[in-house]
Amino acid sequence: MPNNGVTISLSDEDPEDPSSRMRPRFRRKRKNSGVRSRPGFTRRTVAKLLKLCLALVLLLVACLQIYGAIKIGDGEIRSPPPARKPDHVATQSSKDKPLGNLNKLDPTTRVVGGVRERCLKLLPPDELELLKIPNPMDSRSPLKELMYAMENNGASKEGTFNLSMVYLEGSRFNLFSGNQTLEQRDQEFKVTEKAKVHCGFYSEIGGFRISDEDKSYMKTCEVVVSTCAFGGGDDLYQPIGMSETSLQKVCYVAFWDEITLATQEAQGTKIDERHFIGKWRVIIVRDLPFRDQRLNGKVPKMLPHRLFPNARYSIWVDSKSQFRRDPLGVLEALLWRSNHELAISEHGARSSVYDEAKAVVKKNKATPAEVEVQLAQYRHDGLPEDKKFNGKKALAEASIIVREHTPVTNLFMCLWFNEVVRFTSRDQLSFPYILWRLKGLTRINMFPVCTRKDLVNSIGHIRKAKPLTS
């Protein structure tokens, strides 16, 4: 049956309308969908960035806290160096080690009671320029006069120095040190009004020979800063940070032997016609008395009162460091202000001589047999294992020694020198024994490690010293 109905289009478009045929087939597609959704995308991106920034900030804070804990350690931290070109340079050309600490003048600080303060409290610069060396004061010690043991029979005065012949059988004592017996050792620890002690320079042919010209210069020194390098071991670092007043009143003296002289000349370092390198007056020592170069170094370190007979004050600085403070200011801060006679740095790692002995053996600084001989004698003498004597920390680091030359401090240093000759040359082992046994010296300033770090720029040893073989 034929369909006579009418077909009705459900589309709004008229197929006959040309305009409808030209319309895009997919007109409902959103051509700018990205633009229409951008506000939501931006909000999500900003939120993620904020979370990332917050996480980075928290991570940075945590890193700074960890860094601060490591850096502060015992309560100290080095401030950033000043942005200035150093006025002084070190005399050195070795490339064995980087010298990152050289010529820094920035102070070392520590936290005390929640407040950061400088470890070494020096006077202001204008007051340092006005500092005067105080008049001698009567020492509180009963010891008033100290005499030194000397060869009295003149038997060896006609001979000549020979390193291989000066050693006395079974010990390191020789014609320089004299042969101190155990009985003499006990006697020399007694503090009386007049005392006599072995203190090096025992015989005229015992070694450590210095020219008459150098001796004349050394007699002019009232305050001296000294160092030494024997066996070509270390370079010479120029002192910095001193006032004009100290430049006029303080001697800077460096002791070298002929090996160091040759090593430095090979590097291009020359001593001028006045015997100076920069501010250091270089004194060449001939006929060193000991094969052990560390022991030779104890002579200028411990016996400056024998080398500088008219000096009233001395500051010893190990050759591995650069002295960077005003000498008179250091004397004022560590001795004069607090009425001390001797100032020396505490040991940073240990407090007991017996703990130090274990460390010396572990680091191969001495043989177990050598150390045991020393400790056996100290135990026999009654040295306790205390970590403090008379309120002072028992162990010293001893790379810086600041002192007034009085009879009792001179006696202390002589006794200390005799111990490093008798036993090992590790002076940290013998210092507690002298501090404990010598009852006459009480005005000792055992300053903290951070003060030592403020006094010097630590460079470290450049090369190993060459031992004497003949």
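Sequence positions, counted from 1, serve as the residue numbers for this chain. Worth saying up front: this structure is predicted, and the values here are computed from it rather than measured.
Taking a 6.0 Å sphere around NZ of K121, one finds it holds 12 or fewer heavy atoms contributed by other residues, nucleotides or ligands. Counting non-hydrogen atoms of neighbouring residues, nucleotides and ligands closer than 6.0 angstrom, the NZ atom of K270 exceeds 12 such neighbours.
A donor-acceptor contact under 3.5 angstrom links the side chains of D257 and T260, judged on distance only. Between S399 and E397, the side chains place a donor N or O and an acceptor N or O closer than 3.5 Å (distance only, hydrogens not considered). At a cut-off of 3.5 Å, with distance as the only test, no side-chain donor of E341 or T409 sits close to an acceptor on the other residue.
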Would you check, one step at a time, whether the test side chain to side chain contact (heavy atoms under 4.5 Å, CB included) holds for D235 with Q264?
CA-CA 8 Å; D235 295 327; Q264 293 298 320; 2.9 Å; yes
Stepwise, does the side chain to side chain contact (heavy atoms under 4.5 Å, CB included) test hold for Y378 with S430?
CA-CA 9 Å; Y378 289 173; S430 45; 3.5 Å; yes
Walk me through it: do C119 and K453 pass the test side chain to side chain contact (heavy atoms under 4.5 Å, CB included)?
CA-CA 9 Å; C119 295; K453 292 183 177 181; over 6 Å; no
Between Y202 and F176, does a ring pair (Phe, Tyr, Trp, His ring centres under 6.0 Å) hold up when you go through it step by step?
CA-CA 5 Å; Y202 182 78; F176 178 81; 9.8 Å; no
Walk me through it: do Y237 and W280 pass the test side chain to side chain contact (heavy atoms under 4.5 Å, CB included)?
CA-CA 9 Å; Y237 307 107; W280 290 106; 5.8 Å; no
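Contact check for D326 versus M242: side-chain heavy atoms found under the 4.5 Å cut-off. Contact of the I400 side chain with the V456 side chain is registered, since non-hydrogen atoms from C-beta on lie closer than 4.5 Å. By the 4.5 Å heavy-atom criterion applied to side chains, I210 and M218 are counted as neighbours. With a 4.5 Å cut-off on side-chain heavy atoms, T245 and E129 count as touching. Put simply, the side chain of I133 does not reach to within 4.5 Å of the side chain of L331, judged on heavy atoms. Inter-residue side-chain proximity for R324 and D106 is flagged as met; some heavy-atom pair is nearer than 4.5 Å. No side-chain heavy atom of Y433 sits under 4.5 Å from any side-chain heavy atom of V353. Within the 4.5 Å cutoff, the side chain of T108 has no heavy atoms near those of the L120 side chain.
We find the CG-OG1 distance between L236 and T227 to be 7.5 Å, quoted to the nearest 0.5 Å. Here the NZ-CD distance, from K298 to E419, works out to 13.5 Å after rounding to the nearest 0.5 Å. Taken to the nearest 0.5 Å, the CE atom of M302 stands 10.0 Å off from the CH2 atom of W316. To the nearest 0.5 angstrom, L334 atom CG is 10.5 Å from L342 atom CG. In this structure, CD1 on I259 lies 10.5 Å from CZ on F230, to the nearest 0.5 angstrom. Atom-to-atom distance recorded for Y148:OH and R306:CZ is 6.0 Å, nearest 0.5 angstrom.
Without hydrogens or angle criteria, N457 side chain to L102 main chain gives no donor-acceptor distance under 3.5 Å. Not a single donor-acceptor pair under 3.5 Å links the side chain of E356 to the backbone N or O of R350. When atom types are taken as modelled, the side chain of Q322 and the backbone of Q238 share a donor-acceptor pair closer than 3.5 angstrom. In this structure, the side chain of D381 does not engage the main chain of L383 through any donor-acceptor pair within 3.5 Å. In this structure a side-chain-to-backbone donor-acceptor pair under 3.5 Å is missing from K365 to K362. A side-chain donor-acceptor contact under 3.5 Å links N310 to the backbone of K219. Side chain of N418 to main chain of C414: a donor-acceptor pair is present (N/O by atom type, distance under 3.5 Å, no hydrogens or angles). With hydrogens and angles ignored, the 3.5 Å screen pairs a side-chain donor or acceptor of R325 with a backbone N or O of L105. In terms of modelled atom types and a separation under 3.5 Å, the side chain of R172 and the main chain of V421 share a donor-acceptor contact. Side-chain N or O atoms of N179 include none that pairs as donor or acceptor with a backbone N or O of F173 at under 3.5 Å.
Separation of the W336 and Y313 ring centroids falls under the 6.0 Å cut-off. In this structure, Y217 has its ring center no closer than 6.0 Å to that of F308.
Checking each of V299, I434, V197 against F417 for a side-chain contact (heavy atoms from CB on, under 4.5 Å) leaves exactly one that passes, namely V299. Each of R286, R281, R209 was checked for a salt bridge (Lys or Arg N to Asp or Glu O under 4.0 Å) with D214, and the lone residue meeting it is R281.
The two residues G329 and L128 make their nearest non-hydrogen contact at CA-CD2, 3.5 Å. Taking every heavy atom of both residues into account, L455 and F323 meet most closely at O-CD1, 3.7 Å. Between S352 and L395 the shortest heavy-atom distance is O-CD2, 4.0 Å. The nearest pair of heavy atoms linking K301 to M413 is O-CE, 4.1 Å. Between R185 and F423, the closest heavy-atom pair is NH2-CE1, 4.3 Å. The shortest non-hydrogen separation linking A333 to S338 is O-OG, 4.4 Å.
Here D292 pairs with R294 in a salt bridge; the nearest charged N to carboxylate O distance falls below 4.0 Å. Taking 4.0 Å as the cut-off between side-chain N and carboxylate O, D186 and R437 count as a salt-bridged pair.
Using cut-offs of 30° and 60° on the angle between ring planes, the pair H305 and H405 is perpendicular.
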